[in-house]
J.: 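Right, I'll just put the structure down here and ask away after.
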Amino acid sequence: QVQLVESGGGLVQAGGSLRLSCAASGRTFSYYAMGWFRQAPGLEREFVAAITVSGSSTYYADSVKGRFTIYRDNTRNTAYLQMNSLKPEDTAVYSCAAAPGGSPLFLKISYRYWGQGTQVTVSS
């Protein structure tokens, strides 16, 4: 079992930045690839970014590429999502998730554990 807790969400103006954190406890964090997903009101949960177990590879949705950066610190059992140049359309609940290594990381069904989410609101 892995427990995931997100933090770092909030209200920010367009063009601003936020850093989300995902703290993991339970089974060894470094066994899992990590992903970030988001869900805006009335819309499906969508893939944002993912990072492999080792951290050597990262993947991004086209809508955030060049603005968001995912990284992890296995010594702290924490994954991060640095979000820059935020836009109002980035407003959503952001959730982190853990997937067994080797899974296709852009698919929700690959993820075994999920956090509760943190709200990000970007004002225009």
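Worth knowing before you read on, the calculation uses all heavy atoms, side chains too, and leaves out hydrogens, waters and symmetry mates. As the structure is a prediction and not an experimental result, all values here were calculated from the model.
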J.: Looking at I109, I want to see if its CD1 is surrounded by more than 12 non-hydrogen atoms of other residues, nucleotides or ligands under 6.0 Å.
T.: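 Atom CD1 in I109 is not packed in, count stays at 12 or less.
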J.: CD of Q3 to CG of N77: how many Å apart, nearest 0.5 Å?
T.: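 Separation between the atoms: 11.5 Å.
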J.: So, the side chain of S110 versus the backbone of P104: is there a donor-acceptor pair under 3.5 Å, distance only?
T.: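 A pair under 3.5 Å: yes.
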J.: State the OH-CZ distance between Y60 and R67, to the nearest 0.5 angstrom.
T.: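 One gets 12.0 Å once the value is rounded to the nearest 0.5 Å.
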J.: Calculate, to the nearest 0.5 Å, the distance between atoms CG and OH belonging to L81 and Y94 respectively.
T.: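 Answer rounded to 0.5 Å: 7.5 Å.
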J.: Specify the closest pair of heavy atoms between G117 and S95, including all atoms of both residues, with the distance to one decimal.
T.: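 Closest pair (atom of G117, atom of S95, distance): CA-OG, 3.5 Å.
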J.: Should the pair D62-K65 be classified as a salt bridge under the 4.0 Å nitrogen-to-oxygen rule?
T.: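 Looking at D62 and K65, the cut-off is met.
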J.: When you look at M34 and L4, which way does the side-chain contact (heavy atoms from CB on, under 4.5 Å) test go after all the steps?
T.: CA-CA 10 Å; M34 298 298 296; L4 302 174; 4.0 Å; yes
J.: Here's a test for you: under side chain to side chain contact (heavy atoms under 4.5 Å, CB included), which of L18, L86, L11 qualifies with V122?
T.: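 Exactly one candidate clears the test, L86.
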J.: Tell me if a side-chain donor or acceptor on T52 pairs with a main-chain N or O of S57 at a distance below 3.5 Å.
T.: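 Checked: pair present.
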J.: How would you list, by chain and number, every residue that makes a ring-ring contact (aromatic ring centres under 6.0 Å, His included) with F47, sequence neighbours excluded?
T.: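 For F47 the ring-ring contact (aromatic ring centres under 6.0 Å, His included) partners, ignoring immediate neighbours, are F37.
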J.: Using a 3.5 Å distance criterion without hydrogens, assess whether the side chain of T78 forms a donor-acceptor pair with backbone atoms of R76.
T.: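 Pair found, side chain donor or acceptor close to backbone of R76.
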J.: What's the verdict on side-chain contact (heavy atoms from CB on, under 4.5 Å) for M83 and L20, showing C-alpha distance, side-chain angles and the deciding distance?
T.: CA-CA 8 Å; M83 306 186 295; L20 305 184; 3.8 Å; yes
J.: Just verifying a value: how many Å separate S63 OG and R38 CZ, rounded to the nearest 0.5 Å?
T.: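 Result: 4.5 Å between the selected atoms.
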